[in-house]
Each structure stands twice: as structure tokens, then as C-alpha cells.
Amino acid sequence: MQKTSISMRFGADTLARLDEIASGLGKTRTAVIEEAVAGYLDYDFWFREQVAQGLADLEEGRTVSHDQVKESIRKLGYDVD
């Protein structure tokens, strides 16, 4: 995969934390940043899909009432009141 360089600026505290993580993992700053950004993007994509699915479910009437949720939780042995 072709890579493109970009420039970023970090505060001293963030850079120190980044260096601590990189050192502890035996990786470069770049590797840690790439993994962090990829993880964030994966999560953000997943989250947006879940929100879209939830909105579609709502529009289609696929919902449960608050009382139904509470009853389901009670059946698991938890006090919800």
C-alpha cells in the first residue's frame, strides 16, 4: 500500500505519552499513530452503521418499550428500580 506523508503537531504531554506507549510496545511513533487512527476509523465507521440501523429500526417500528426493557433486565436477576 502506498503511503503519503502528513505533518501533525502534538503538545508536549501527548508526545510524551505517545513515546511511552511506543517504547513499551517496541514500535515507532508512526506505527502507534497509524494503529490508533485505524482503530478510531474502524470504530467510527461501526458506530455510524449502528446508529443508521437503529434509526431504520425506529422508522420501521422495531422498538420495545421502557417497561419491556426493565422486565428483561429483571429476568436476568437485576434490580432496575
Applying the 4.5 Å side-chain criterion to the ILVMFWY set and letting contacts propagate, would Val64 and Leu55 be lumped into a single cluster? no
So salt bridge (charged side-chain N to carboxylate O under 4.0 Å, His left out) across residues 28-40, not counting sequence neighbours, yields Lys3-Glu34, Asp19-Arg29, Lys27-Glu35
Given Glu71 and Val80, is the side-chain contact (heavy atoms from CB on, under 4.5 Å) satisfied, shown in steps? CA-CA 9 Å; Glu71 185 57 31; Val80 294; over 6 Å; no
Do the side chain of Glu60 and the main chain of Asp57 share a donor and acceptor less than 3.5 angstrom apart? no
Pairing residues for Arg9 by the salt bridge (charged side-chain N to carboxylate O under 4.0 Å, His left out) criterion, not counting sequence neighbours: none
Enclosure of Arg62 CZ (heavy-atom neighbours >12, cutoff 6.0 Å): yes
When hydrophobic residues are tied together by side-chain contacts of less than 4.5 Å, even through go-betweens, does Val69 share a cluster with Leu58? no
Do Val32 and Leu41 belong to the same hydrophobic cluster, where Ile, Leu, Val, Met, Phe, Trp and Tyr are linked whenever their side-chain heavy atoms lie under 4.5 Å apart, directly or via other members? yes
So does Arg17 pair up with Glu20, basic N to acidic O under 4.0 Å? no
Rounding to 0.5 Å, atoms CD (Gln50) and CD (Gln53) come to a distance of 7.5 Å
Those residues at least two apart in sequence (or on a different chain) that pass salt bridge (charged side-chain N to carboxylate O under 4.0 Å, His left out) with Asp42 are none
Membership question, hydrophobic clusters at under 4.5 Å side-chain separation (ILVMFWY): are Tyr40 and Val51 in the same one? no
Working to the nearest 0.5 angstrom, can you tell me the gap between Leu18 CG and Thr30 OG1? 8.5 Å
Does Arg74 pair with Asp79 as a salt bridge, N-O distance under 4.0 Å? no
Quick check for you: to the nearest 0.5 Å, what is the distance between Leu15 atom CG and Met8 atom CE? 11.0 Å
